[in-house]
Structures are given as C-alpha cells and as structure tokens.
Amino acid sequence: MAAPFPDDFLWGAATSAYQIEGSPLADGAGPSIWHRFAHTPGRVAGHDTGDLACDHYHRSLEDVALMAELGLSAYRFSLAWGRVLPEGRGAVNSRGLDFYERLVDALLEHGIQPMATLYHWDLPVALHERGGWLNPDSPHWFAEYAGTVFRALDDRVPLWITLNEPWVVTVPGYLDGQLAPGHRDLFEPPRVANHLLLAHAEAVAAYRALGRHRIGLAVNLEPQHPASPSPADLEAARRRDAFINRWFLDALVFGRYPEELADIFGPAWPEFSAESLAKIRCPGDFIGVNYYSRGLVRAAPEAPPLDAIRITPTDAELTAMDWEVYPEGLTETLLWLRDRYANPPLYITENGAAFDDPPPRDGLVEDPRRVAYLRAHIRAAATALEQGVDLRGYCVWSLLDNFEWAEGYSKRFGLYQVDPGDRTRRPKTSACFYREVIRSRGAAV
Ligand SMILES: OC[C@@H]1[C@@H](O)[C@H](O)[C@@H](O)c2[nH]c(CCc3ccccc3)c[n+]21
C-alpha cells in the first residue's frame with residue numbers, strides 16, 4: 001500500500017523548555033513557577049528538578065545534529081517566557097532571546113522547520129505573584145510576550161503554538177494541584193481557563209497584525225469510553241468528554257462552553273458575558289493534537305466535581321505511566337475533530353510512550369515496545385489521513401528523555417536516552433525506526 005503521507009508532511013519530534021534546557025536562571029533569566037514548584041519538597045518524585053535536565057541550554061547545537069541525523073523535517077520546542085522577559089513583562093533579556101535565535105538558525109541550516117510553542121507551563125514567578133492566570137490582565141501580559149517573540153523570530157519561525165494544553169494548566173494546576181502552581185480550588189479553574197483562552201486570542205491578534213497565518217493551540221485529547229454499558233457509566237464518559245475534549249475546543253471554535261461544565265462546576269461556574277464569549281472564539285489556523293491514550297471511564301459519585309474517574313484496564317498493554325496503549329483512539333480522535341470542527345488543519349504535536357528502557361548495549365538502547373507503540377500510532381494516523389483528515393504533521397514526544405514534571409526523570413519518553421550522570425545522548429532503536437519512517441515517507445511502518 002502506497003503510504004498516504006504527502007511529500008510535504010512534517011515529521012517532527014517535540015520537547016519543552018523546562019523539561020530539557022536546565023540552567024533556568026542563566027544569563028538573566030527569571031524563575032518560573034516550575035522552578036519554584038520543583039524546589040518545593042514533596043512536589044516532584046525523587047526531589048528531581050529542572051536545574052540541569054538535559055543541559056540542552058549548553059548542548060542545543062549537538063541536539064540539532066541529532067535531529068538532522070533522524071532526518072526530521074520539523075522540531076517542536078517551547079520558549080521559556082522568563083528567559084525572554086525575566087519579570088514576565090517589560091524589559092527584554094536579549095541573552096535569553098539570543099539562545100532561541102541561535103537554536104532557530106541552526107534548525108534552518110539543517111532544513112528543519114521550527115515549530116515554536118510560546119507557553120509550555122512555565123509562567124514567570126513575577127507574574128504568578130501578581131495572581132498569574134487568575135489575574136484578568138494575564139491575557140495582556142501573554143500578548144506582550146508573544147509580540148516580543150514574534151518581532152524577534154517570526155521571520156524565521158513558520159509555525160507557532162500559543163499554549164500547550166490549557167486543560168493541563170487549568171486542571172492539574174488549579175483544580176487537583178498535581179502540577180504547578182499546585183492550587184486545589186473549584187472556583188479558580190473556570191476563570192483560569194477563560195483567561196488562557198483570552199490570552200490565546202490576544203496572541204493570535206498580535207500575530208495577525210504581522211499578516212501571518214500559521215498559528216494554533218495544542219490540546220491534549222483522549223476519547224472517553226464507558227467502562228460498562230450502564231447509563232451511569234455512559235453519562236460519566238459523556239461528562240468527562242466535555243471536561244477534557246470539548247471544554248477548550250468548543251470555546252475556541254464555537255465561542256461557547258459545553259453546557260456540561262456548568263453542571264460539573266455548579267456554583268463555581270461563572271456567568272460569562274456574550275462579549276467575553278465572543279472574544280474567546282478564535283480557532284486559529286490549525287489545531288495541535290497531543291494524543292497518548294484513551295480514557296476508560298466509570299461513574300464515581302465519590303469523586304466530585306466530575307463524579308467520574310478514569311480506570312486502568314486490567315487486560316490491556318500499559319505504558320510506564322499506566323496509560324493504555326490504544327492506537328485506535330488516535331484515529332477516532334482525528335475523525336472526531338474532522339467531523340465536529342469542519343475538518344480543520346491538524347498537526348499531531350505530541351504522541352509517544354514511556355517505558356522502562358534497558359541500559360545501552362554498544363551505544364544503542366533496545367526499546368521494542370516504543371517501536372511498536374510508534375508504529376501502531378503512525379499507522380493510526382495514516383488511517384485517518386486516508387479518511388480525509390487534513391493532517392499535516394506528526395511529532396514524537398519526545399526527542400530526549402527529559403524532566404517528566406511531577407514524575408521527575410523516572411519516566412522516559414525519549415527517542416534518545418540521556419545518561420543520568422553525564423547527560424550523554426544515546427539512540428534507542430525507536431530513533432532508528434523513526435529515521436526509516438521519515439526516509440520512506442511513512443512507508444516503513
Ligand atoms: O506526559 C508526557 C507529556 C509531557 O511530558 C508534556 O510536557 C505534555 O505536553 C504532555 N501532555 C500529555 C497528555 C496530558 C497529560 C499531561 C500531564 C499529565 C498527564 C497527562 C502528555 N505529555
């Protein structure tokens with residue numbers, strides 16, 4: 001079968017600033033909420049922090065060479081807001097911008113398209129101390145930051161993502177407190193979410209002012225399947241679908257929130273004015289899809305406010321994150337986006353798996369389970385392409401083993417292993433597999 005991937009399909013890998021760079025305060029950079037969160041005892045497994053991470057801040061050109069070795073046609077990375085604007089607003093730190101300009105120039109020299117994410121969870125502490133995403137001024141702060149970066153890099157960066165996973169910023173960040181800033185509150189999440197959507201819209205407006213048209217939002221999506229055909233589980237799956245999959249996309253595309261959210265949050269759900277809803281309607285030029293697994297859902301009255309929980313199937317293959325390997329869910333997600341949002345341009349901005357990889361042997365790490373995971377999910381993407389989905393690229397999460405947030409360095413998603421001691425990069429067999437996929441334009445899966 002001729003591979004359905006077009007010649008201009010982008011084959012990428014993805015990372016984020018706090019997870020790989022290290023040196024969070026170097027050259028005038030201001031601390032982020034993740035620097036503070038990781039240094040708060042008990043928040044991150046093994047007391048790991050991003051102080052060194054992959055030391056990408058000093059090895060970026062070496063890492064670009066690895067990307068070229070893979071034959072990547074795109075590389076998705078994020079900028080640390082605090083490197084560019086140490087106080088989050090106002091004075092620009094030129095040494096911080098210089099790091100990203102050197103990275104972008106190196107990518108372009110190797111024929112790799114930069115895909116830059118403006119915000120991958122690392123809000124400057126200086127802004128958090130002014131209320132962070134709870135402050136109604138936060139959308140303006142973000143637009144100022146975005147404009148600063150666009151002016152410096154838009155002549156060389158063809159693809160932009162405003163926010164990575166506003167749902168994760170909102171729910172683990174402000175509802176259950178698993179991720180920075182670690183708040184646990186029912187009233188804060190709806191307001192944070194609305195400010196994030198306003199921030200996205202204001203950044204897109206700043207981008208449009210430059211006359212450009214290649215900017216979008218990256219969302220985490222997972223199909224929600226009821227654990228049983230019982231009405232309670234069906235209802236729970238529908239509620240969790242609204243909560244995870246439709247909350248931000250319906251707002252972005254339709255300018256309205258799913259009505260389930262008012263039920264879920266009850267009195268904590270604000271009355272949003274028609275004017276405010278009109279402002280968040282901003283679909284952008286594509287949707288970035290971060291896909292890892294599906295959710296198997298049962299009703300759970302003991303778990304407010306959703307009254308639904310995701311369960312781990314006992315009869316399925318799981319990754320080291322206890323996420324079910326479920327490639328069909330990627331096809332389902334892509335077809336759902338095609339049908340619900342009128343076939344928007346899509347990039348898979350993250351897809352990958354953590355497994356407990358063995359030590360390297362002769363400089364190579366055998367990771368057959370990751371090869372199988374990637375093969376199955378690239379096939380699932382091909383199936384969606386054959387059914388008319390406007391899919392334009394695929395990024396593996398991640399190029400390198402890196403700082404996996406609250407899990408620290410214990411969970412490894414990389415195509416390259418990063419030695420915990422000297423940070424040496426070593427290829428895994430999944431890197432060799434992916435190089436073949438790219439060389440054959442998808443035929444090798
Ligand atoms: O967990 C793997 C990756 C993270 O390393 C990325 O930074 C983040 O963009 C990302 N999102 C998801 C799916 C949503 C999710 C986020 C955090 C925790 C659990 C699920 C998985 N991942």
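When a ligand or atom number is given, it counts from 1 through the structure's own listing order.
Scanning Met321, Lys411, Glu222, Gln19 for the heavy atom closest to atom 7 (O) of ligand 1 points to Gln19.
In terms of N/O distances under 3.5 Å, ligand 1 is not approached by Asn220. Checked against a 3.5 angstrom limit, the closest N/O atoms of Asn402 and ligand 1 fall outside it. Considering backbone and side-chain atoms alike, Trp121 places every N or O at 3.5 Å or more from each N or O of ligand 1.
Across Phe248, Trp269, Trp167, a single residue satisfies ring-ring contact (aromatic ring centres under 6.0 Å, His included) together with Phe243, and that is Trp167.
Under 4.0 Å is where a charged nitrogen must lie from a carboxylate oxygen, and between Glu69 and Arg425 no such pair does. Between Arg240 and Glu222 there is a salt bridge, with a side-chain nitrogen of the basic residue lying less than 4.0 Å from a carboxylate oxygen of the acidic one.
Of all protein heavy atoms, the one closest to atom 5 (O) of ligand 1 is Glu404 OE1, 2.7 Å. Among all non-hydrogen protein atoms, the one lying nearest atom 15 (C) of ligand 1 is Val168 CG2, 4.2 Å. In terms of protein heavy atoms, atom 10 (C) of ligand 1 is closest to Glu350 OE1, 3.2 Å. Looking only at protein heavy atoms, the nearest one to atom 3 (C) of ligand 1 is Tyr292 OH, 3.4 Å. Nearest to atom 18 (C) of ligand 1 among the protein's heavy atoms is Trp323 CZ2, 4.5 Å.
Remark: the Arg298 side chain and the Ser228 side chain contain no N/O donor-acceptor pair separated by less than 3.5 Å. Checking Gln224 against Asp241 by side-chain atom types alone, no donor-acceptor pair falls below 3.5 Å.
Using a 4.0 angstrom heavy-atom cutoff, Trp167 does not count as in contact with ligand 1. In this structure, His120 counts as a contact residue of ligand 1, since one of its heavy atoms falls inside 4.0 Å of the ligand.
You'll find the side chain of Val437 stays beyond 4.5 Å of the side chain of Tyr394, heavy atoms only.
Looking at residues two or more places apart in sequence or on another chain, you find no salt bridge (charged side-chain N to carboxylate O under 4.0 Å, His left out) involving Glu328.
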### Task
Dump the intermediate steps for side-chain contact (heavy atoms from CB on, under 4.5 Å) on Tyr57 and Leu52, then the final yes or no.
CA-CA 9 Å; Tyr57 190 69; Leu52 182 58; over 6 Å; no
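Counting heavy atoms closer than 4.0 Å to ligand 1, residue Asn164 contributes side-chain atoms (C-beta onward) but none from N, CA, C or O. The residue Phe403 has no part lying near ligand 1, judged by heavy-atom distances below 4.0 Å.
Residue pairs meeting the ring pair (Phe, Tyr, Trp, His ring centres under 6.0 Å) criterion with at least one partner in residues 302-327, sequence neighbours excluded, are His225-Tyr326, Tyr292-Trp323.
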